[in-house]
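Okay, so here's the structure we're looking at.
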Amino acid sequence: MKLSLLPRILIAIVIGILLGLIAPAWCGRIMATFNAIFSQFLGFMIPMIIVGFVAPAIADIGGRAGKLLVVTAAIAYIATFMAGILSYFTGTLTFPSLIGGEESIAISENASQLLPYFTIEMPPLMTVMTALVLAFMLGLGMAFLNGKSLKNGFSEFRDIVSKTIDAAILPLLPIYIFGIFLNMTIEGQVGMILKCFMKIIVIIFILHVFILVLQYCIAAPFARKNPLRMLRTMLPAYFTALGTQSSAATIPVTLRQAIKMGVREDIAGFVIPLCATIHMSGSTLKIVACALALMIMHNQPHDLGLFCHFIGMLGITIIAAPGIPGGAIMASIGLLQSILGFDEQMVALMIALYIAMDSFGTACNVTGDGAIAAIINRIFPPEASKQSQKFVKG
């Protein structure tokens, strides 16, 4: 029986908790050893993921240069960044009272971590920031030179990285999550963690609904339509994304509903596929909220400047994330570690939290694409959007 990633991770969490109640310490150390090796491999792959996906994405987007592209990309990035900022301020106002106090003190004071028997060092080829700079340099260079050889090579490299994620990382991910929850149960932390999890998920779900309403309230004056009616028109795309967990797979439905909402076909045909890779409001608000919650739980500093840096880089790093469940969180692990200082356990909790809500983040992303299309439809009248027809045909 084949199960998708979310059920496998949920099963891993349940089994890890149940076995952790009776498992001896040596069993926890065995899983800690596996997790240490897997964490090393994950760290090795992070620069590969950034270069393999960001560079070809920039080359592809930059190759379609034009005013329509620039404006669309700017609006998508601003929407993604503001979603992250809104998530941060919401979290700072609500999370301390929900998950602070005894939970964070207990977690920070618990020092009885199970150590692995051994580990295997797999140092990454470059740092996260080096990978980002290299990806930008190569991506922009391929876009401006318009060459085919290097671009084809990086497209194949992207396929290799994607295949590695699909064949090696994702199948082992439930075992990794199992090991984390097994050890947390043995160490006595899991009850407090799960209690905080439920509160975080409820807040994030409310926040992502608010983000969608806000986006359509902003788009409504441009479209000169009722925002709630616009949002209702886009609901088929929302529910399709809940099932597919993929922005790319939802493009046909999103495109159809955007046209029904009144967006011209040429604008919708350009904006919707583009935003499927660069507009990540739902993913960003989830990552920011989960990261902030875990930092509060572990009594780590979480000032606005730190998160502005993190959100700004996140909006770039997760563009064209792998077309797989949890692709955005895989692409953002490097930033979580390098900017926010996440350790192995916090990364594992982030992955579990994110994938538990992956469908809702994707649904928020694609539904918000309709709001951006409505704004672009107003900014570029029919005679000014003829250039987009060439891009769509190309």
Side-chain angles (χ1 to χ4, degrees), residues 44-81 124-166 247-248 251 266-280 283 309 312-324 327-328 330-335 338 369 372-373 376 379-380 384-394:
F44 173 80
M45 285 298 300
I46 287 168
M48 305 291 189
I49 292 172
I50 292 174
V51 174
F53 284 96
V54 174
I58 293 175
D60 181 58
I61 294 171
R64 297 177 290 170
K67 187 177 180 181
L68 181 61
L69 170 70
V70 172
V71 175
T72 304
I75 293 175
Y77 181 81
I78 292 171
T80 299
F81 184 84
L125 297 178
M126 64 190 81
T127 65
V128 171
M129 193 56 60
T130 302
L132 278 171
V133 174
L134 180 63
F136 263 86
M137 184 188 75
L138 292 172
L140 292 174
M142 287 185 286
F144 283 106
L145 293 176
N146 201 26
K148 298 295 182 182
S149 300
L150 191 58
K151 191 172 182 180
N152 291 337
F154 268 90
S155 295
E156 292 181 4
F157 180 65
R158 176 177 57 191
D159 294 340
I160 293 172
V161 174
S162 181
K163 186 65 176 178
T164 303
I165 293 172
D166 195 40
S247 298
I251 286 175
D266 59 332
I267 292 294
F270 178 79
V271 173
I272 296 301
L274 177 63
C275 286
T277 61
I278 66 174
H279 175 230
M280 296 288 180
S283 300
H309 179 202
M313 299 303 297
L314 184 65
I316 299 171
T317 305
I318 63 176
I319 63 170
I324 53 177
M330 291 298 171
S332 65
I333 289 175
L335 298 181
S338 63
D369 294 346
I372 295 177
I376 297 296
I379 294 176
F380 291 89
S385 64
K386 291 180 180 178
Q387 185 181 15
S388 69
Q389 296 176 357
K390 295 190 297 181
F391 294 142
V392 174
K393 293 177 181 178

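Between Ile75 and Ile379, some side-chain heavy-atom pair lies under the 4.5 Å cut-off. Two residues are said to be in side-chain contact when any heavy atoms from C-beta on lie closer than 4.5 Å; His279 and Tyr77 fail this criterion. Counting heavy atoms from C-beta on, the side chains of Phe270 and Leu69 come closer than 4.5 Å. The closest side-chain heavy-atom distance from Phe53 to Ile165 is below 4.5 Å.
Rounding to the nearest 0.5 angstrom, the gap separating the CD1 atom in Ile316 from the CD1 atom in Ile50 is 11.5 Å. Summarising the geometry, atom CG belonging to Leu132 is positioned 6.0 Å from atom CG belonging to Leu335; distances are rounded to the nearest 0.5 Å. A distance of 7.0 Å separates CD1 in Ile267 from CZ in Phe380, rounded to the nearest 0.5 Å. To the nearest 0.5 Å, atoms CD1 (Ile49) and OG1 (Thr164) are separated by 9.0 Å. With values rounded to the nearest 0.5 angstrom, Thr72 atom OG1 is found 3.5 Å from Ile376 atom CD1. Between atom CD1 of residue Ile251 and atom CG of residue Leu274 there is a gap of 9.5 Å, rounded to the nearest 0.5 Å.
Judged by distance alone, with hydrogens and angles left aside, the side-chain atoms of Ser162 form no donor-acceptor pair with the main-chain N or O of Arg158 at under 3.5 Å. Thr80 places a side-chain N or O within 3.5 Å of a backbone atom of Met280 that can act as its donor or acceptor partner.
Partners of Ser283 according to the side chain to side chain donor-acceptor pair (under 3.5 Å) rule, which considers only residues two or more places apart in sequence or in another chain, are Tyr354, Asn365. The side chain to side chain donor-acceptor pair (under 3.5 Å) test applied to Thr130 returns Thr127, not counting sequence neighbours. Shown here are the side-chain contact (heavy atoms from CB on, under 4.5 Å) partners of Pro124, two or more places apart in sequence or in another chain: Pro47.
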Sequence neighbours excluded and cut-off under 3.5 Å, please list the side-chain donor-acceptor pairs for residues 135-143, or say none.
none

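Considering every non-hydrogen atom in both Ser332 and Ile318, the closest pair reads CB-CG2, 4.3 Å. Shown here for Cys275 and Asp369, the closest heavy-atom pair between the two residues is CB-OD1, 3.3 Å. Residues Thr317 and Ala331 come closest through the heavy atom pair CG2-O, 3.2 Å. Residues Val161 and Met48 come closest through the heavy atom pair CG2-O, 3.8 Å.
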